[in-house]
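Numbered from 1 within each chain, the chains take letters A, B, ... in sequence-line order. As a basis for the values below, the full set of heavy atoms in this structure was taken, side chains included, without hydrogen atoms, waters or symmetry mates.
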Amino acid sequence: MTDKPKVGAENEAILMSHGMTKRFGGLLAVDTLDFQIPRGSISSIIGPNGAGKTTFFNCVTGFYQIDEGDIIFDGQRMNGKTPDQITRSGIARTFQNIRLFNNMTAIENIMVGQEAHLKSSWIGAIFGSPFTRQENAESEVRARELLSYVGLAGKGDLLARNLPYGDQRRLEIARALASKPKLILLDEPTAGMNPRETAQTTEFIRGLRDDLDITVVLIEHDMRVVMGISEHITVLDYGRKIAEGLPQEIQNNPDVIEAYLGRGAASKSKIEVSRVED
Amino acid sequence: MSRYLDDFSLVDFTINALRVVIIVLVFWGAFNTLTLPADAGRITGEQWFDLFVAGLTQGSIYALIALGYTLVYGILLMINFAHGEIFMAGAFTTVFLATWMDKIGFLNGYPFVAIPLLIIFSGFISMIIAVLLERIAYRPLRGAPRLVPLITAIGASFFLQYTFRGLYGSGFKSYPTVDILKGSVAISGFSIPIARIFVFVSALVLMGGLYWLVERTKIGKAMRAVSEDKEVARLMGIDINFVIMFTFALGGLLAGAAGVINGLYRPQGVNFFMGFRPGIKAFTAAVLGGIGSVPGAMLGGLFLGVIEAIGPNLVMTGLGIPGPNQLQDVIAFTMLVLVLIFRPQGIIGERLTEKKA
Amino acid sequence: MTSIAAKNQQGQVQSLWKLISDESQPYHHILRMGFLAGITLLFLGLIGMLEAFNEREVIRDVVTLAQFVLFVPTFAAAYMAAQRIREEQSIGMVLVAATIIGLLSAIPTIVILLINTQVNIRDMFVHVNRDWLEIITFDNRNQLGLGIGLLLGSLGLAGLLGAVLQNLPQKIRRSVIFGLSLMLVIGVMSETVGLIMQEIFTDDFLDNFFKRDTLLLNSAIGLFVFGVALIWVPDKVRRSFVFGLVVAMVALGLRNLLLAIDSLTSIIPTSEEGFLDVFLYFLLPFVAGFAGRLYLEYGSRDSNKAKTDTKATTSTGRPIRVDLIVSIAILLVAPWIVGRALSDVMVTIGIFVLMGIGLNVAVGLAGLLDLGYVTNYAVGAYVLAVMTSTGPLGLFNSQEGVIVNFWMVIPVALLAAMLAGFVFAVPVLKMRGDYLAIATLGFGEIIGRLAVSDALAPIIGGAQGMSFIPKPELLGFTLKDPEQLYYIILVACAITLIVSIRLNNSRTGRQWMAIREDEDVASAMGINVAQAKLLAFTISAATGGVAGAIFAAKVGTVFPNSFSVIVSINVLSLIIVGGMGSNPGIVVGAIVLIGLPELLREFSDFRWLMYGALLIWMMNNRPDGLWPSQVRRRELIGDDSSPPADESPMMASE
């Protein structure tokens with residue numbers, strides 16, 4: 001209990017880590033990472049493939065237990081918490097390769113997303129208690145609202161797996177929003193989208209912060225998206241943070257360019273030039 | 001302190017409590033048994049040795065069957081629940097050939113020709129069943145969720161049992177006795193029945209052959225490649241379907257051979273249900289050794305055999321449980337459950353299986 | 001002479017095999033189908049199915065079930081082959097091909113037949129015997145040439161007929177198939193049908209249709225014609241007819257129920273000759289039901305709407321409410337319609353329905369493949385046995401003044417099973433799916449072995465089991481007969497069904513489904529996965545316990561060998577095969593998988609073979625069916641593009 005960090009000074013940061021380390025066997029997937037996400041920001045994490053971006057998400061959301069260091073969310077230490085506890089404390093996420101509950105309907109997917117706030121019990125369900133019925137009804141109403149918020153109105157009774165790709169991405173975000181998070185982690189939200197869809201999604205993400213007051217962290221490969229909406233960018237390479245700052249600073253940072261394009265490329269190009277693909 | 005309370009998990013607690021209870025019980029039972037006064041049924045050193053050898057013998061049969069589970073799992077990540085029935089198919093079919101050979105005097109006249117012939121025949125029958133099973137029931141299920149092939153295999157298990165019940169009848173058959181397997185030899189003061197030596201040696205030969213096949217031959221290399229990564233193996237020009245079929249054939253061959261070896265060692269009790277329990281036990285052996293690992297299955301089989309033979313006497317006698325040998329199966333199945341709970345990667349296995357899981 | 005023939009045959013088989021294995025051959029498919037049908041036919045003979053089925057006459061002195069089954073593989077193979085090659089080939093070619101398939105399908109059987117004349121293979125294959133020979137040679141065992149000729153000819157004809165049927169217009173085909181199946185089902189079940197009819201019709205009257213529990217040729221033809229006609233009459237008439245029949249059944253059941261209560265017997269008008277009975281309790285209700293339903297179907301609703309979508313008429317409005325009432329009524333009087341022997345079967349079915357619904361919570365909803373379900377069943381049965389037995393092992397037997405009855409023990413059995421479910425679930429919660437299955441199987445085996453062992457014999461009787469379990473009593477009545485026990489199981493099933501449906505549609509049900517779909521993501525949604533799984537196991541265990549207790553009370557004794565892994569597999573099979581995870585399906589599954597072998601002895605020898613084959617088939621053809629489709633169905637109903645479901649169950653094979 002002695003190593004508990006001082007909270008007051010970092011009130012600005014909704015999420016931060018100190019010396020966070022995750023190993024897989026001999027491989028350092030995340031290496032003594034110090035990290036801060038300002039409250040109310042849209043932040044991005046970028047880096048070449050295998051840089052540890054998704055591992056970072058998995059550590060924050062409790063999918064992996066970190067080996068060293070601390071993760072502090074909203075003033076609370078998150079180490080050792082299980083994914084469901086972390087979700088309940090206000091972090092939601094989406095997945096790089098969409099992971100919906102495929103054989104459940106869209107509405108049911110969102111209703112599962114509300115788990116963190118539901119209180120009715122199985123006993124209530126068996127006896128059909130008024131509270132359970134009421135909660136169930138309200139939960140469905142809210143789920144339908146969220147569904148229209150992400151633009152899927154009317155598709156609630158379709159099975160998730162039968163939705164088109166873009167709709168699945170939206171549904172996944174709606175499911176994450178259903179837990180009323182303070183912080184949402186989006187893993188490549190525009191992957192596989194065409195430019196028009198990408199632009200829509202970018203606007204949508206901005207709206208999450210502006211309208212719903214949710215802090216957003218993105219992992220993204222599309223530099224136009226990253227540079228367009230991020231206020232804060234962190235660059236990872238081999239599990240280490242190699243740069244951090246405003247978009248312009250990152251664009252001109254030689255370390256970053258080197259990490260992406262290899263030694264020698266730094267002088268020639270800016271990242272902005274093209275979409276950096278896998 | 002509160003931090004530790006937060007982290008309290010009922011599941012972890014129960015599992016740890018279970019672990020402690022079992023260790024205490026085992027040690028308490030063993031301690032009691034070993035300190036029994038000589039006149040109150042203490043087991044002598046000779047008896048222990050006997051139990052040990054019996055366990056090793058039974059264990060080598062388990063090991064032969066376990067190899068089939070492990071080979072298939074290594075390649076398809078699938079529990080071939082019907083493997084015990086493949087063992088039964090060979091043993092049950094060969095009983096007719098053995099009886100006929102006995103009737104015409106060939107079996108006891110030329111045992112060194114007859115016994116290998118029986119083993120080959122049985123292996124062949126089991127191999128055919130295994131290959132057919134793969135082709136008809138399992139092949140269309142490649143890439144399906146894990147439980148789908150498992151349920152298919154359970155269905156196949158019952159299908160095969162009752163097919164053979166229909167074909168050969170539901171009565172018990174027994175293998176003829178072979179004269180050269182009677183009697184025992186004395187090795188440095190201990191007498192070991194020849195039948196047990198026969199089981200152990202033939203199992204060793206078969207396992208040695210398999211090990212050579214997997215490690216040294218081209219098809220063995222292909223098998224290992226497929227188990228590492230099917231896609232890459234395919235790109236390298238390996239015929240995946242053939243390799244999988246070959247793996248099933250190999251597992252069937254060993255199971256069928258085990259069927260005859262088992263039959264000559266313990267002639268009684270040949271019927272359609274004879275594969276079910278040995279099958280589950282062999283699966284236990286495969287998990288004990290780390291499923292997917294060939295040497296693991298061999299060691300796991302021997303280990304399970306010995307535990308099963310010694311365990312009831314060592315632990316249950318000490319705990320004052322009546323009829324300990326009745327509970328041999330309980331020991332084996334308890335081992336199965338405990339291994340799955342505490343060390344699903346096997347007690348001797350590397351953590352290799354974790355990656356595949 | 002015959003040995004040369006045998007050699008020729010073998011040579012033929014070899015060259016055949018070459019053709020079969022070469023997919024580029026134009027006749028590959030035909031040869032393959034013929035070969036498959038032939039192997040199946042041989043298989044059916046060797047495992048003794050033909051022999052067993054020969055005992056059951058479908059039509060008296062005309063055809064046995066074995067003779068029917070003999071043609072099924074060939075017929076089906078030709079039907080399927082015709083379906084496949086119909087596009088490319090002319091009708092004539094299709095028919096020729098189908099006949100060839102029929103002829104080919106005789107070959108494997110003939111080969112074994114000829115081998116058998118040279119070598120006695122009966123020592124090995126116990127069913128290569130006289131009965132088998134007589135079936136496949138049509139009683140010409142001594143004139144093998146003639147027998148083989150007949151077999152070839154009839155199988156060729158069967159193949160031809162299969163192709164002809166495939167080429168008929170759809171409605172004719174459907175009606176023929178329906179007529180045949182109606183005839184077959186009634187013929188096979190004639191014992192049961194006769195038993196029900198005896199309740200109302202006199203034996204003399206029934207003798208016109210059945211003789212010693214077997215269908216007569218005339219009535220068989222009548223049934224066929226009737227079945228064909230039923231497909232051709234308008235939907236509404238057909239529905240009304242079935243409705244009328246059901247109403248008549250209810251009336252019949254009510255009469256028998258009232259007759260069974262002594263004090264009421266005098267009030268019920270009956271007659272010795274039975275004319276009054278037939279009129280009052282069968283014809284009158286039937287006509288009333290038929291006419292009433294016709295009126296409902298045609299009179300009371302907008303006919304335009306009904307015309308456009310026949311499905312919609314049953315899914316809304318008054319008919320469905322009437323259907324519901326009649327269904328409940330027939331459930332309530334069922335044991336009095338079918339009589340004692342069948343009531344006993346219904347209780348057994350009910351016990352399995354109970355377990356099926358329970359296990360479905362774990363397997364179907366939460367995706368936890370529990371192969372040790374028998375544990376809960378055993379716990380329930382032994383708890384009841386130990387607490388209520390009046391034998392020496394009864395716990396409260398010797399204590400004066402302590403009255404422990406069935407009703408008090410049911411909750412205890414339920415709680416004990418829940419506890420057992422809980423205890424066994426905790427250590428396996430973190431296991432992967434397939435390991436979990438094997439571990440639970442291990443638990444089941446451990447419990448089974450312990451129940452037989454001497455170690456626990458002082459408490460639960462070891463291999464001797466426990467006996468002297470009294471029947472339940474209610475308001476001074478002893479519920480000793482299956483007709484009365486039926487109501488206990490009916491109530492238990494109803495409660496379980498309601499609980500299951502409510503949970504399924506609740507937050508808890510969604511948690512389970514989420515875990516089934518993706519455990520990691522479910523946990524990331526804030527679901528406490530361990531807790532939800534524990535709940536699934538525990539609730540699932542509870543019904544198993546109740547089923548076990550009712551089973552013990554029904555049988556009156558408890559033996560350890562009633563609790564083997566077979567029970568778990570049985571329940572699992574009926575969930576998968578019949579139910580595909582849905583509750584009504586579980587009931588159908590239990591009726592088919594449990595009821596059929598109970599009713600027909602010749603099926604019971606092959607039940608495990610069929611379960612095994614069905615499991616393999618289901619997994620290979622409908623792996624999705626393993627998990628419930630309520631959601632999918634809901635979606636299909638909402639989705640206009642979905643094709644209308646085919647009404648005839650026989651068409652499923654198309």
Side-chain angles (χ1 to χ4, degrees), chain B residues 9-12 14-15 18 77-79 81 93 96 99-100 136-137 140-141 144-152 154-169 171 276-277 280 283-284 287 316 321-324 326-330 333-334 336-338 340-341 344 357, chain C residues 43 46-49 123-127 367 369 371 423 426-446 449-450 452-455 457 530-531 534 565-566 569 572-573 576 605-621 623 626:
Chain B
S9 143
L10 175 76
V11 179
D12 290 340
T14 320
I15 288 180
L18 188 67
L77 297 187
M78 159 198 176
I79 301 173
F81 194 82
T93 308
F96 298 99
T99 313
W100 179 74
I136 295 168
L141 300 176
R146 218 184 265 270
L147 290 186
V148 170
L150 179 63
I151 293 174
T152 310
I154 292 171
S157 171
F158 282 91
F159 183 79
L160 286 176
Q161 275 180 29
Y162 286 83
T163 294
F164 281 90
R165 181 182 187 266
L167 290 179
Y168 303 149
F276 191 73
R277 292 235 163 80
I280 298 180
F283 175 74
T284 311
V287 180
M316 293 193 171
I321 295 170
Q326 250 182 356
L327 297 176
Q328 235 184 16
D329 287 352
V330 174
F333 292 124
T334 310
L336 168 67
V337 173
L338 292 181
L340 289 178
I341 294 172
Chain C
F43 180 81
L46 289 188
I47 62 168
M49 200 183 247
D123 288 344
M124 193 164 167
F125 297 101
V126 291
H127 292 291
L369 184 55
L371 295 180
V423 167
V426 169
V428 302
L429 285 183
K430 289 194 169 169
M431 271 180 206
R432 260 178 21 211
D434 50 352
Y435 277 12
L436 185 140
I438 301 284
T440 48
L441 181 84
F443 283 138
E445 283 288 286
I446 291 173
R449 303 263 93 192
L450 283 178
V452 197
S453 74
D454 291 345
Q531 210 177 320
L534 264 179
V565 62
I566 291 258
I569 305 293
L572 182 71
S573 307
I576 291 173
D605 281 346
F606 300 99
R607 69 196 292 180
W608 292 105
L609 191 81
M610 290 193 262
Y611 288 7
L614 281 170
L615 283 185
I616 298 174
W617 188 83
M618 289 296 292
M619 289 297 107
N620 271 284
N621 291 286
L626 174 53

*Taking C/D434 for its side chain and B/M78 for its backbone only, find out whether a donor-acceptor pair lies under 3.5 Å.*
no
_chain C contact via B/F81 - which portion, at a heavy-atom distance below 4.5 Å_ = side chain
*asked:* If I take atom CD1 from residue B/I280 and atom CG from residue C/L441, how far apart are they, to the nearest 0.5 angstrom?
replied: 4.5 Å
*Engaged part of B/Y168 at the chain C interface, taking heavy atoms whose separation is under 4.5 Å*: both
_Heavy-atom contact with chain B under 4.5 Å, split by part of C/I569_ = side chain
*asked:* If I measure from the heavy atoms of chain B, does C/A613 come under 4.5 Å with its side chain, its backbone, both, or neither?
replied: both
*Taking every heavy-atom pair that is under 4.5 Å apart, which of C/L429, C/V428, C/L46 has the most such pairs with chain B?*
C/L46
*Given C/I438, which of B/V287, B/T284, B/I79 fulfils the side chain to side chain contact (heavy atoms under 4.5 Å, CB included) condition?*
B/I79
*Yes or no on side chain to side chain contact (heavy atoms under 4.5 Å, CB included) for B/T163 and C/F43, after CA distance, side-chain angles and deciding distance?*
CA-CA 9 Å; B/T163 294; C/F43 180 81; 3.3 Å; yes
_Inter-residue atom distance C/Y435.OH - B/L336.CG, 0.5 Å rounding_ = 10.0 Å
*Take C/D605 and B/Y162 through the test side chain to side chain contact (heavy atoms under 4.5 Å, CB included) and record every step on the way to the result.*
CA-CA 9 Å; C/D605 281 346; B/Y162 286 83; over 6 Å; no
*Counting only heavy atoms closer than 4.5 Å, note whether C/I616 contacts chain B via side chain, backbone, both or neither.*
both
*Check whether any side-chain heavy atom of C/M431 sits under 4.5 Å from a side-chain heavy atom of B/I341, and report yes or no.*
yes
*What part of B/S157 lies closer than 4.5 angstrom to a heavy atom of chain C: side chain, backbone, both or neither?*
neither
*What part of C/L614 gets closer than 4.5 Å to chain B, counting heavy atoms only: side chain, backbone, both or neither?*
neither
*Just do the side chain to side chain contact (heavy atoms under 4.5 Å, CB included) check on C/I566 and B/F158 with the steps written out, would you?*
CA-CA 10 Å; C/I566 291 258; B/F158 282 91; 3.7 Å; yes
*Between CD of C/E445 and CZ of B/F333, what distance do you get to the nearest 0.5 Å?*
4.5 Å
*Among the options B/T152, B/L338, B/L150, pick out the one with the most heavy-atom pairs lying under 4.5 Å from chain C.*
B/T152
*CZ of C/R449 to OG1 of B/T334: how many Å apart, nearest 0.5 Å?*
12.0 Å
*If you take all heavy atoms of C/N620 and B/A137, which pair is closest and at what distance?*
ND2-O, 3.2 Å
_Largest heavy-atom contact set with chain B, pairs under 4.5 Å, which of C/L615, C/I446, C/L371_ = C/I446
*C/V423, part contacting chain B, at a heavy-atom distance under 4.5 Å*: neither
_Please find the pair of heavy atoms, one from C/P427 and one from B/L18, that lie closest to each other, and give the distance._
CB-CD2, 4.4 Å
*asked:* Is there a side chain to side chain contact (heavy atoms under 4.5 Å, CB included) between C/D123 and B/T99? Walk through the geometry before answering.
replied: CA-CA 11 Å; C/D123 288 344; B/T99 313; over 6 Å; no
_Between B/L167 and chain C, with a heavy-atom cut-off of 4.5 Å, which part of the residue counts as in contact: side chain, backbone, both or neither?_
both
